[in-house]
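Report on the structure given below.
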Amino acid sequence: MTMREPSGLPFEVISGALTDTGLRRRVNEDSHLASFPVFVVADGMGGHEAGDLASAAVIDAFRGFVGRGDVTPEEVADAVHAAHAAVGAISRRTTRGAGSTLTGIVAVQQNGENRWLVVNVGDSRVYRLLSERLEQLTVDHSVAQEMVDAGRLAREEMSTFEGRNVITRAVGGEHSPADFWLLPVVTGERLLVCSDGLSGEITDEAIRAGLLSGASPAQTTGALISQALAHGGRDNVTAIVVDVVGGGIHPRLEDTTGGLVTSEPATGTIEVETVPSRRRRHD
């Protein structure tokens with residue numbers, strides 16, 4: 001279902017969200033939340049015993065933001081800390097342990113300006129389509145990504161790499177801080193938040209083509225997930241598409257320098273560092 005957020009919020013978006021168990025799993029361990037100002041996906045780990053509980057706990061940590069137009073970056077950092085604590089508690093009650101990825105976008109206010117705060121732990125992803133250019137806004141926390149960064153694996157080989165599901169950070173895990181990026185809100189941009197059940201089955205070019213289709217957010221999520229299933233559907237698959245239709249800056253005014261934001265999960269403090277962006281671009 002496509003959702004148009006009510007007027008009176010800082011800017012106007014239309015969103016659609018869909019999840020599917022896939023063709024090889026019996027339980028859907030993905031959870032998601034798609035209601036302004038928060039659009040997040042969590043991919044649980046721990047099997048039927050705890051994976052679905054872990055991802056649900058991550059999403060619950062963000063539910064208090066729904067309907068607000070004044071969320072701050074510090075509050076999002078606090079939510080990540082709460083998610084870590086909740087998943088850690090679940091893990092201690094199970095024999096196999098539990099964990100979850102977390103990725104998504106939250107509309108925040110910083111110095112009186114509207115921004116997207118992109119958050120990521122694990123290998124779920126956020127993409128942005130703007131002026132027909134696709135960018136991967138997040139950087140995977142995975143063994144495969146580390147091998148790509150080291151020049152030992154081609155990006156195109158990530159989906160078939162034997163260790164593609166091995167992640168190096170997880171909500172509920174030790175030494176697993178979130179990465180954050182603050183980005184301007186741009187009228188006309190289309191954002192995709194997805195679990196690796198989508199990005200692991202179809203190529204970036206297929207994702208770009210799907211986002212360029214001109215279909216509504218709900219239709220687009222359905223089409224993308226159908227493609228993932230047609231390519232094997234090896235995992236649970238979840239997608240959220242968000243269109244900014246008004247209230248953002250003009251695309252020509254976008255500050256493309258970006259900035260990596262680092263957080264301290266133990267305290268919820270947040271600071272912005274002006275470091276080179278590691279976003280992946282696909283023209």
Side chains of Leu198 and Leu224: closer than 4.5 Å at any heavy-atom pair?
yes

Holding to salt bridge (Lys or Arg N to Asp or Glu O under 4.0 Å), I want the full list of residues that pass it with Asp243, two or more places apart in sequence or in another chain.
Arg190

Taking the side chain as everything from C-beta on, heavy atoms only, tell me whether Val80 gets closer than 4.5 Å to Phe180.
yes

Please examine the side chains of Val13 and Phe39, heavy atoms only from C-beta on, and report whether any two atoms are closer than 4.5 Å.
yes

Restricting to side-chain contact (heavy atoms from CB on, under 4.5 Å), what partner residues turn up for Arg152, sequence neighbours left out?
Met147, Ala150

Listed by chain and number, what are the side-chain contact (heavy atoms from CB on, under 4.5 Å) partners of Glu113, not counting sequence neighbours?
Arg115

If you measure from the Lys or Arg side-chain nitrogens to the Asp or Glu carboxylate oxygens, is any gap between Arg169 and Asp123 under 4.0 Å?
no

Report the residues that fulfil ring pair (Phe, Tyr, Trp, His ring centres under 6.0 Å) with Phe36, sequence neighbours left out, ordered by chain and then residue number.
Phe11

State, with a plain yes or no, whether a side-chain heavy atom of Ile240 is found less than 4.5 Å away from one of Leu192.
no

Can you sort out the partners of Leu212 under side-chain contact (heavy atoms from CB on, under 4.5 Å), two or more places apart, ordered by chain and number?
Leu129, Glu132, Arg208

Got a sec, which residues hit side chain to side chain donor-acceptor pair (under 3.5 Å) with Asp43, two or more places apart in sequence or on another chain?
none

Please list, chain by chain and in numerical order, all residues satisfying side chain to side chain donor-acceptor pair (under 3.5 Å) with Ser199, sequence neighbours excluded.
none

Could you give all pairs that pass the salt bridge (charged side-chain N to carboxylate O under 4.0 Å, His left out) test and reach residues 213-239, with sequence neighbours left out?
Arg25-Asp235, Glu201-Arg234

Any residue meeting side chain to side chain donor-acceptor pair (under 3.5 Å) with Asn120, in chain and number order, not counting sequence neighbours:
Thr103

Mind checking side chain to side chain donor-acceptor pair (under 3.5 Å) for Arg93 and listing every partner two or more places apart, or none if nothing turns up?
none

Applying side-chain contact (heavy atoms from CB on, under 4.5 Å), can you list everything that pairs with Leu18, at least two apart in sequence or on another chain?
Thr221, Ile225

Would you mind listing every salt bridge (charged side-chain N to carboxylate O under 4.0 Å, His left out) that reaches into residues 214-230, with sequence neighbours excluded?
none

